[in-house]
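Here is the structure we will look at.
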2 protein chains.
Amino acid sequence: MKLEPPEKKRPPRRRSTARTGETRDEILTAALQQFAEYGFHGASLREISKRSGVPLSALHYHYGSKDGLFFAAVGQVFARLSEARLERLTALRRTETPLALEQLLEAFIRPTIELASAPEGPSFMRLQSRVYAENAPLSDQLTKLVLDATHPFRAALEEIMPEVPDAIRYRGYRIMVSSLSGVPVDPMYEQLAKRAALPRRKRDIEALIDLLVSYHAAGFRSLQQSAAAS
Amino acid sequence: MKLEPPEKKRPPRRRSTARTGETRDEILTAALQQFAEYGFHGASLREISKRSGVPLSALHYHYGSKDGLFFAAVGQVFARLSEARLERLTALRRTETPLALEQLLEAFIRPTIELASAPEGPSFMRLQSRVYAENAPLSDQLTKLVLDATHPFRAALEEIMPEVPDAIRYRGYRIMVSSLSGVPVDPMYEQLAKRAALPRRKRDIEALIDLLVSYHAAGFRSLQQSAAAS
DNA sequence: GTCTATAACCCGATAGAC
DNA sequence: GTCTATCGGGTTATAGAC
């Protein structure tokens, strides 16, 4: 079916000579999309090569292997998110004493939704939700990477509700995180509500953040009440 | 749901000659494990063949294709879950008037956790969380299948809080569902709390169900309050 | 219905010219 | 650093004997 005659299609544009950084970025962008769309196993280096216009062997040259490329792509996403979250948490620590639950949650949630609303956002989000499901040999490393980056938030949560046992607070934390990777890009929601799961208008983005913050703040408070009652 | 064509109950004989239904079940069990472990693309029919002791070509004979086998395996899981949930909802409708939020949530959540706690449960849960991330050409069909099966719950939710706009109620519903596929089998939680994400002792299972019910009940009530305030 | 053998294809990785 | 061509091994799917 795909009999491609030996049509010599010389690349209309440049490609050749230097600019290593730019090539690496082009690879990473295409890789991100493909991994997000098809998962680790489903994505193919050949397709990434085609989409980025970078020859297959260059992928190996720059990132060594499929694992290496995946880790680079995912790591970049997490690094960006963690940076934005930490920035907000640090700002909070300077102005707020003590920390308020809603503001802590917003510091965590807002960067997720805002990043997701950027042009490349949907890819980011799908990739993120995939990572938790993929169990390539990489997933242990990724788990550690994510846990390290999010540690300050769990510590802050403990400050706010020290009376809630660790195991239970962690449950709440994971409920919240699951909802962040699941909710923003959600085909089921889109079909239900007949609108994009991830809003584009500034006003709707704020509304979604508010919704998530108040939902989870209420959830966490219910954990506090249970702890107090026992 | 059209799950079983003709069921032939032939006498007990070991591998070779007849017993179609049993062979199909063995295939399905192995397929479930492999798809859960490696995802759609990562799983291979050869490995499923080896694990089940059924020759590769028999997989195609019985299920036609990898897609067909995947759909059969996933469909079976969803059918089981939906059945258990609907049973509880129906029982609720007979005894409760009007429906209480906590009881509705429990009717939805309990079968998930109980199924997850069965021996094959972890496979089920991983498979479920994968399905939402996989976007094989199958995902549209699966989305429709799941939405149809869960419709009575969203309808009941609307009865309980008709004043909350659909789009917002759906957000809450998806937050809850995401937390169910993400939380039970959660390597991050296991690493954090240094204990299994999915408890095995009856008492701990009940505690997890209670936690999820009260967390999400509080979340939904916060949506009600926001709706009332505007 | 069961099973072996193999077709047809796609993958990740690499060699080597430029 | 860039690119072509190819290797070796994996995959799904099928043909055909029993």
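Values in this document were obtained by computation on a predicted structure and should not be read as measured data. Residue numbering restarts at 1 for every chain, and letters A, B, ... go by the order of the sequence lines. Side chains are part of it too, since the values below use all heavy atoms of this structure and drop only hydrogens, waters and symmetry mates.
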Anything under 30° is parallel, anything over 60° is perpendicular, the rest tilted; go ahead and classify A:Tyr170 against B:Tyr189.
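The rings of A:Tyr170 and B:Tyr189 stand perpendicular, inter-plane angle above 60°.
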
Side-chain N or O of B:His62 less than 4.0 angstrom from OP1 or OP2 on C:dT2?
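Yes, because at least one side-chain N or O of B:His62 sits under 4.0 Å from OP1 or OP2 of C:dT2.
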
Atom [atom1] of [X] to atom [atom2] of [N]: distance rounded to whole Å?
X       : N      : atom1 : atom2 : answer
A:Arg46 : C:dA13 : CZ    : C1'   : 9 Å
A:Glu26 : D:dG1  : CD    : C1'   : 14 Å
B:Leu59 : C:dT4  : CG    : P     : 14 Å
B:Tyr38 : C:dC11 : OH    : P     : 21 Å
A:Lys66 : C:dT14 : NZ    : C1'   : 17 Å
A:Phe35 : C:dG12 : CZ    : C1'   : 11 Å
B:Lys50 : D:dT11 : NZ    : C1'   : 14 Å
A:Ile27 : D:dG1  : CD1   : P     : 12 Å

Checking B:Ser179 against B:His216: is there a side-chain donor and acceptor pair closer than 3.5 Å?
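Note: B:His216 and B:Ser179 side chains meet the donor-acceptor criterion.
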
Any side-chain donor-acceptor pair under 3.5 Å between A:Tyr173 and A:Thr150?
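Yes, because at least one side-chain N or O of A:Tyr173 sits under 3.5 Å from a partner of the opposite role on A:Thr150.
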
Closer than 4.0 angstrom, basic N to acidic O: yes or no for A:Arg85 and A:Glu106?
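Answer for the salt bridge query: no.
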
Using a strict threshold of under 4.0 Å (side-chain N to carboxylate O), is an ion pair present between A:Arg51 and A:Glu26?
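Result for this pair is no, no salt bridge flagged.
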
Given DNA chain C, 5'-ward residue of the pair A:Leu56 and B:Leu56, judged by closest heavy atom
B:Leu56

Between [options], spot the one nearest the side chain of [X], thanks.
X       : options              : result
A:His60 : D:dT2, C:dG12, C:dG1 : C:dG12
A:Ser57 : D:dT4, C:dG1, C:dA13 : D:dT4
B:Pro55 : D:dT2, C:dT14, C:dT4 : C:dT4
B:Ser44 : D:dT2, D:dT11, C:dC3 : D:dT11

